[in-house]
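Note that the coordinates shown come from a computational prediction; the quantities given were computed from them, not determined experimentally. Hydrogens, waters and symmetry mates play no part in the numbers below; they use all other heavy atoms, side chains included. For reference, positions follow the sequence shown, starting with 1.
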Amino acid sequence: MILIFATNNQHKVDEIKSVVTNGIDIVTLKDAGIDIDIPEPHDTLEANATEKSSTIHKMTQQNCFSEDTGLEVFSLNGEPGVKSARYAGEGRDFQANIDKLLVNLAGDTDRSAQFRTVISLIWNNKEYLFEGICKGHIISEQKGGKGFGYDPVFVPEGSDKTFAEMTMEEKNKYSHRRKAMDKLLAFLKESI
Ligand code: ITT
């Protein structure tokens, strides 16, 4: 079964492919020959995920899914949240985003945070949403060189390592993205 994954983020593709079971062929936008930067104009993860999947569904008429993820820091009232990719500006620079986050959190004793992923699946012309949350905290100095985005400063609950110090398999034990994807896979198992 073929499922288009409406993303331009190769890190997300690698993580999703590593948790998908046999029988599902994940086709990326690149594989499908689609070269567009899908806009994310909305102020919720849900609405942006819907925008991405419905844009690709309109173009291809095929079953597809997208996901939008945000890092929600409690003492910053949920920021960077839906603006996670562009927190420090339109350049979408991972390092600049981390630097801004650490400056904004300087001196804060509550460093609790969560990653939240919302997947929008369009399956047989109907939309389904799935959410995955990973709770943890933000450390004050970056650690590790793996992963992407805010991984070097995020330590999930139950671990003393940042996501950037983990292999993809270890990150998958905790990750928001894997939890949301597990729900999508369970749905497909019931629906096929
Ligand atoms: P697509 O919209 O093409 O899927 P994107 O990179 O724009 O890719 P998002 O809008 O969901 O995706 O990006 C949110 C940002 O949040 C992303 O650029 C990273 O900085 C960060 N992020 C998302 N998932 C993350 C993860 O698992 N670990 C660390 N940071 C993450």
* Structure fact -> Tested for salt bridge (charged side-chain N to carboxylate O under 4.0 Å, His left out) against Asp68, the lone hit among Lys52, Lys83, Arg116, Arg177 is Lys52

* Qualifying residue for side chain to side chain contact (heavy atoms under 4.5 Å, CB included) with Ile138, from Val155, Asp108, Leu105, Leu76 -> Leu105

* Could you point out which residue of Asn8, Thr7, Val13 forms a side chain to side chain contact (heavy atoms under 4.5 Å, CB included) with Gln10? =>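 One option only clears the test, and that one is Val13.
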
Under 3.5 Å, is there a donor on one side chain and an acceptor on the other for [X] and [Y]?
X: Asn104; Y: Tyr87; value: yes
X: His42; Y: Glu51; value: yes
X: Ser66; Y: Ser120; value: no

* Asked: Which residue pairs pass the salt bridge (Lys or Arg N to Asp or Glu O under 4.0 Å) test when at least one of the two sits in residues 147-161, sequence neighbours left out?
  -> Asp151-Lys171, Lys161-Glu170

* salt bridge (charged side-chain N to carboxylate O under 4.0 Å, His left out) between Lys12 and Glu67: does it pass, once the steps are laid out? -> CA-CA 9 Å; Lys12 290 183 178 180; Glu67 63 102 295; 2.9 Å; yes

* What do you reckon, is CD of Glu190 surrounded by more than 12 foreign heavy atoms closer than 6.0 Å? ->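 No.
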
* Gln61, CD atom: more than 12 neighbouring heavy atoms under 6.0 Å ->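 Above 12, so yes.
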
Within the side chain of [X], is there an N or O that forms a donor-acceptor pair under 3.5 Å with the backbone of [Y]?
X: Asn172; Y: Glu169; result: no
X: Glu165; Y: Thr162; result: yes
X: Ser75; Y: Asp110; result: yes
X: Asn63; Y: Asn124; result: yes
X: Arg86; Y: Arg92; result: no
X: Ser18; Y: Glu15; result: yes

* To do: Go through Glu127 and Ser54 one step at a time and tell me if the side-chain hydrogen bond (donor to acceptor under 3.5 Å, both in side chains) criterion holds.
  => CA-CA 9 Å; Glu127 187 192 24; Ser54 57; over 6 Å; no

With a 4.5 Å cut-off on side-chain heavy atoms, are [Y] and [X] touching?
X: Pro152; Y: Phe94; result: no
X: Tyr128; Y: Leu184; result: no
X: Thr60; Y: Ile34; result: yes
X: Ser159; Y: Tyr174; result: yes
X: Phe74; Y: Gln114; result: yes
X: Phe65; Y: Ser53; result: no
X: Ser84; Y: Thr69; result: no
X: Asp31; Y: Ile26; result: no

* Asked: Mind checking whether Phe130 and Phe187 have parallel, tilted or perpendicular rings, split at 30° and 60°?
  ->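 Phe130 vs Phe187 ring planes: tilted.
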
* Should the pair His11 and Phe148 be assigned to parallel (<30°), tilted (30 to 60°) or perpendicular (>60°) ring geometry? ->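 Because their plane-to-plane angle is under 30°, the rings of His11 and Phe148 count as parallel.
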
* Structure fact -> Sorted by chain and residue number, the side-chain contact (heavy atoms from CB on, under 4.5 Å) partners of Ala88 (sequence neighbours excluded) come out as Ala96, Asn97, Lys100

* Structure fact -> Closest non-hydrogen atoms of Pro80 and Val73, given as atom of the first, atom of the second and distance, are CD-CG2, 4.1 Å

* Evaluation steps, side chain to side chain contact (heavy atoms under 4.5 Å, CB included), between Glu72 and Leu45 -> CA-CA 11 Å; Glu72 301 173 338; Leu45 298 176; 4.2 Å; yes

* Asked: Does Glu131 pair with Lys183 as a salt bridge, N-O distance under 4.0 Å?
  ->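 No.
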
So how far is it from [X] [atom1] to [Y] [atom2], rounded to the nearest 0.5 Å?
X: Ser175; Y: Met168; atom1: OG; atom2: CE; value: 10.5 Å
X: Leu102; Y: Tyr150; atom1: CG; atom2: OH; value: 10.0 Å
X: Ile4; Y: Ile122; atom1: CD1; atom2: CD1; value: 10.5 Å

* Check whether Val19 and Leu3 end up in the same hydrophobic cluster, where Ile, Leu, Val, Met, Phe, Trp and Tyr are linked by side-chain heavy atoms less than 4.5 Å apart. =>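 Val19 and Leu3: one cluster.
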
* Asked: Taking it one step at a time, do Gln142 and Val153 satisfy side chain to side chain contact (heavy atoms under 4.5 Å, CB included)?
  -> CA-CA 5 Å; Gln142 294 181 219; Val153 290; 3.8 Å; yes

